Amino acid sequence: MIRLHILKYNAGIEDDKNMAERPEDLNLPNAVITRIIKEALPEGVNVSKEARKAISQAASVFVLYATSCANNFAMKAKRKTLNAGDVLAAMEEMEFERFLQPLREALEAYKKGQKGKREASEQKRKDKEKTDTEENDKSREEEEEEEEEVRMEEEQEGENEGEEEEVEN
């Protein structure tokens, strides 16, 4: 509990409403922790339930501490929104320099993925607009053809009526 209050103080948080009061409230989902552990360890290594719980709590404390440090950088810049630069600076302040390069690479990959998603979304929107325009053009052409057919039929009927009048005379 003391750690939480220190983190709150470091983050400049005076309102306890938004912070978790119990360590249990801070734990990451067990499925996420289990997946991370399995990916980190060689196959065949087992991890006890107690060890998973301890890793989960340690990860939660780490996330809180990193967030608190990153928030300090955002506050110094008079911002309320944490950004990637704040997190990288926090990692350096926390003396996790060896993780900076992998984090930068992961951030770059994330940005490329987001850019790709935006481009795909934009292309999808353009394709839809093009399809809609083509369908509208097709509809207009069909309407014009129908109008032309109606006009021709009316002309034909008018000619037929004119022929009938001549025959009667």
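Predicted model only: the values in this text are computed from it and were never measured.
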Anything under 3.5 Å between a donor and an acceptor, one on a side chain of residues 115-122, the other on a protein residue two or more places apart or in another chain? List them.
from	atom 1	to	atom 2	distance (Å)
Glu122	OE1	Arg125	NH2	3.4
Glu122	OE2	Arg125	NH2	2.3

Donor-acceptor pairs are to be reported for all side-chain atoms of residues 90-107 against protein atoms at under 3.5 Å, with residues two or more places apart or in another chain.
from	atom 1	to	atom 2	distance (Å)
Gln101	NE2	Glu105	OE2	3.3

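A search for side chain to side chain contact (heavy atoms under 4.5 Å, CB included) contacts involving Ala59 returns Leu28, Ile33, not counting sequence neighbours. Judged as a side chain to side chain contact (heavy atoms under 4.5 Å, CB included), and not counting sequence neighbours, the contacts of Val47 are Ile37, Leu41, Ala51, Arg52. Under the rule for a side chain to side chain donor-acceptor pair (under 3.5 Å), the partners of Asp127 that lie at least two apart in sequence or sit in another chain are Gln123. In terms of the side chain to side chain contact (heavy atoms under 4.5 Å, CB included) criterion, residue partners of Glu50 (sequence neighbours excluded) are, by chain and number, Ser48. Looking at residues two or more places apart in sequence or on another chain, you find no salt bridge (charged side-chain N to carboxylate O under 4.0 Å, His left out) involving Glu144. The side chain to side chain donor-acceptor pair (under 3.5 Å) test applied to Glu148 returns Arg151, not counting sequence neighbours. Residues forming a salt bridge (charged side-chain N to carboxylate O under 4.0 Å, His left out) with Glu147 (at least two apart in sequence, or on another chain): none.
When the shell of 6.0 Å around CG of Asn83 is examined, it contains more than 12 heavy atoms from other residues, nucleotides or ligands. Summarising the local packing, CZ of Phe62 is surrounded by more than 12 heavy atoms from other residues, nucleotides or ligands at distances under 6.0 Å.
Screening residues 38-48 for salt bridge (charged side-chain N to carboxylate O under 4.0 Å, His left out) gives Arg35-Glu39 as the qualifying pairs, with residues at least two apart or on separate chains. Legend: salt bridge (charged side-chain N to carboxylate O under 4.0 Å, His left out) pairs involving residues 57-79, not counting sequence neighbours, sorted by first then second residue: Arg79-Asp86.
Side-chain atoms of Ser68 never come within 3.5 Å of backbone atoms of Leu64 as a donor-acceptor pair (strictly under, hydrogens ignored).
Membership of the apolar cluster around Val32 extends to Ile36, as traced through chained side-chain contacts below 4.5 Å between ILVMFWY residues.
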